[in-house]
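Report on the following structure.
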Amino acid sequence: MIYLDYSATTPVSKEVLESLVKVTKEYVGNPNSLHSLGQKSNELLNSATKQISEILNINTNEIIYTSGATEANNLAIIGYAFKHSNRGKNIVVSKLEHPSIYGICDYLATQGFTITYVDNNEDGLIDFEDLKNKVTDETILVSIVAVNSEVGVRQPLKTLRQIIKKQNEFAILHSDMTQAIGKVNVNLHDVDLASFSGHKIYGPKGIGMLYKNEKIGLEPIIHGDETLRSGTPSLPLIVAFSKALRLAVTNVSKNESVVKLLNDKLTATIAKYPNIKINKTNYSIPHIFNISLMTIKPETLIHSLEKRDIYVGSNTACAKGKRSSTLMAIYNDENRADTSIRICLSHLTSFDDLNKFVYSFDIVYNKLLELR
Ligand code: PMP
C-alpha cells in the first residue's frame, strides 16, 4: 500500500499505540474518583497535561481536551461569541478555512452574529489591508487557519494578530492549527485560541485540544459539570495524544527537510503534464501537494489509483464532492476548483513509494485521457 492522504488522517505510531493500550489496561480509575485508583489516574492525567504544556510553552490551565479539532473550533468560536456578545457581534474569518469553521459561522449567523470574510492575495496570504478594513469595533473574534488543509498555505499569525489588535484591542485571534502542528513550528503566543487534533499527528482518533489563553473566558458548549468541557477525561487518549505531540514537535525540522525533497521531485515530475495545474503558492508547506487535473474528474483518478493500492485525497476529506472554496479563493477558476486532488507527503513516504506513485499515476492518467 502507498498511502498519500496524511492530511485527512495519519496512522497511529507504534509508540503511541502502545501507550494507549497500556493506559487502557492499567489505569481503570476515573481521574475524578476520590479513591486511590482515581488518584493514580489523576496523577497520570496531570503529568500528561504538564508535558503538553511544556511542549507548547503554555500553562496547564490553558489546555482543554476535546474530541478533535472540530469540537475545539466549536468551543473556541461559539464559546467566545456567546460569552462576549455584549461587546460586539461580528466574527471575521478567512476564505481558506476548514469546512467546520464555515459550519460554525453559518450557525452563528442564525444566532444574530454577522460573519465577514477577509480576502487573500494570489499566494493565499491574508490581505493585510483588507483585514484592517474588516476588523471593526463590532468585531470580537478573528479566525485564521495556521496552515490551510488543501494548498498548505501558511499564514503569518503574529503579524495578523498585530493588525487585528491595532484595529480593535478587544478582538482576539483564534487559529485552527490542525495542519500546522508537527509539520512546521508554531508559537501559541502568536494567538489567543488554537485548535489541534490527535489523528493528524500520528496519534489516535477521537482526541484533540483547545489552547485557551488563561485570560480569555468562554461559554461551555457541552454542559454537565462546572468545567469548560464536561465528561470523564479519556485518560488513554490524552496520554497517547501527549506522546504523539512530543514526537511530532521534536522532529519538525528533520521531517520537513525530507518532505521538501519529496515535494521537489513530485513538482518536477507533475510539471511535465501540460494540462495539469499545480496548486502551490510561495507560502505552501511541502507536505501538501495539490494539483488540478482540469480535463479529468478527480474521483475517477482517485479510484483508479486505489485499484493499484495507492491512496490520495480529494480536496479535503471533510468537503467531499464539493467545489474547493480554497482554490476558488486563490485562483478564482471553477474548473480548477472542481478537479483537484491532494497528494500528502510525510516523513514516512519513501522515495521508492514516490517513484511507484509517479509510475502508476502516469499509466492511470494517460489511460483516462484516452477514454475521455
Ligand atoms: N481543521 C483542519 C484544518 C483540518 O484539516 C481538519 C481535519 N480534516 C479539522 C479541522 C477537523 O479535525 P477533526 O477530524 O479532529 O475534527
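Order of appearance sets the numbers: ligands from 1, and atoms from 1 within every ligand. In what follows, residues are counted from 1 in the order of the sequence shown.
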Any idea which of Ile288, Asp176, Ile207 brings a heavy atom closest to atom 3 (C) of ligand 1?
Asp176
Just wondering, do Ile270 and Phe361 contact through their side chains at under 4.5 Å, heavy atoms?
yes
Quick one about Thr326 and Glu150 (side-chain donor to acceptor, distance below 3.5 Å, no hydrogens or angles considered), yes or no?
yes
Any Lys205 heavy atom less than 4.0 Å from ligand 1:
no
Are side-chain heavy atoms of Glu97 and Asn73 found at a separation under 4.5 Å?
no
Tyr311 versus Asp309, side-chain donor and acceptor atoms under 3.5 Å:
yes
What part of Ser149, side chain, backbone, both or neither, has a heavy atom within less than 4.0 angstrom of ligand 1?
side chain
Location of contacts on Glu71 toward ligand 1, heavy atoms closer than 4.0 Å:
neither
Keeping to residues at least two apart or across chains, list the salt bridge (charged side-chain N to carboxylate O under 4.0 Å, His left out) pairs with something in residues 19-47.
Lys22-Glu26
Counting from 1, what ligand 1 atoms have a heavy atom of Gly68 closer than 4.0 Å?
15 (O)
Answer side chain, backbone, both or neither: which part of Thr70 comes under 4.0 Å from ligand 1, heavy atoms only.
both
Near Ser197, which atoms of ligand 1 are under 4.0 Å from a heavy atom of that residue?
13 (P), 15 (O)
